[in-house]
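See structure below.
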Amino acid sequence: QVQLVESGGGLVQAGGSLRLSCGASGRTFRTYHMGWFRQAPGKEREIVAAISVNGVNTYYTDSVKGRFTISRDNAKNTVSLQMNSLKPEDTAVYYCAAGAPSYGLSNSGAYNYWGQGTQVTVSS
């Protein structure tokens, strides 16, 4: 099992940057794919980015490619999401999640451990 706690959300103007961090408890962090998801009001939760257990492979949804970067530090049990060139449509609650590596990075159903979420608001 792994417990996840996000931090780093906030209010930023369009074009600005934010860095989200997720700290994980437990010695099994390095055995999980890690993902960042978001849910905007009235919309379904969607996967934003994901990273494999060893950090070699990554996945990004099309709308954030070239703007967001996911990274992980297995020694520190952390995963981060650097968000640049933010747009109002990036406004959402962002969740960190851990998933079984036997499934694909972009398979939302593989993620079964979740943080509490952190709000990101981008003003126009």
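Since the model is a prediction, treat every value here as computed from it, not as a measurement.
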Quick test of your reading: applying disulfide bond (SG atoms under 2.5 Å apart), list the pairs with at least one residue in residues 32-82, sequence neighbours left out, ordered by first then second residue. none
Expected output: side-chain Gln13 to main-chain Ser123 donor-acceptor under 3.5 Å: no
Return yes if some donor-acceptor pair links the side-chain N/O of Glu6 with the main-chain N/O of Gln116 below 3.5 Å, else return no. yes
For the aromatic rings, using the six-membered ring if either is Trp, is the centroid distance between Phe37 and Trp114 under 6.0 Å? yes
Test item: Val79 and Trp36 side chains (from C-beta on) under 4.5 Å apart, heavy atoms: yes
Hey, does the side chain of Thr91 reach the backbone of Val122 with a donor-acceptor pair shorter than 3.5 angstrom? yes
Apply ring pair (Phe, Tyr, Trp, His ring centres under 6.0 Å) to Phe29 and list each qualifying residue two or more places apart in sequence or on a separate chain. none
Could you tell me whether the side chain of Gln3 and the main chain of Ser25 form a donor-acceptor pair under 3.5 Å? no
Quick one: are Leu81 and Arg19 in side-chain contact, heavy atoms under 4.5 Å? no
Aromatic rings Tyr113 and Tyr32: how do their planes relate, parallel, tilted or perpendicular, breaks at 30° and 60°? perpendicular
Are the charged groups of Asp62 and Lys65 less than 4.0 angstrom apart, N to O? yes
Would a 4.5 Å heavy-atom cut-off, applied to side chains only, mark Val120 and Met83 as touching? yes
Without swapping roles, check the side chain of Asn84 against the backbone of Thr69 for a donor-acceptor pair under 3.5 Å. no
Can you name the closest pair of heavy atoms from Ser52 and Leu105 and give their distance? N-CD2, 3.6 Å
Short question: side chain of Tyr60, backbone of Ile70 - any donor-acceptor pair under 3.5 Å? yes
Measuring from Arg38:CZ to Thr61:OG1, what's the distance to the nearest 0.5 Å? 7.0 Å
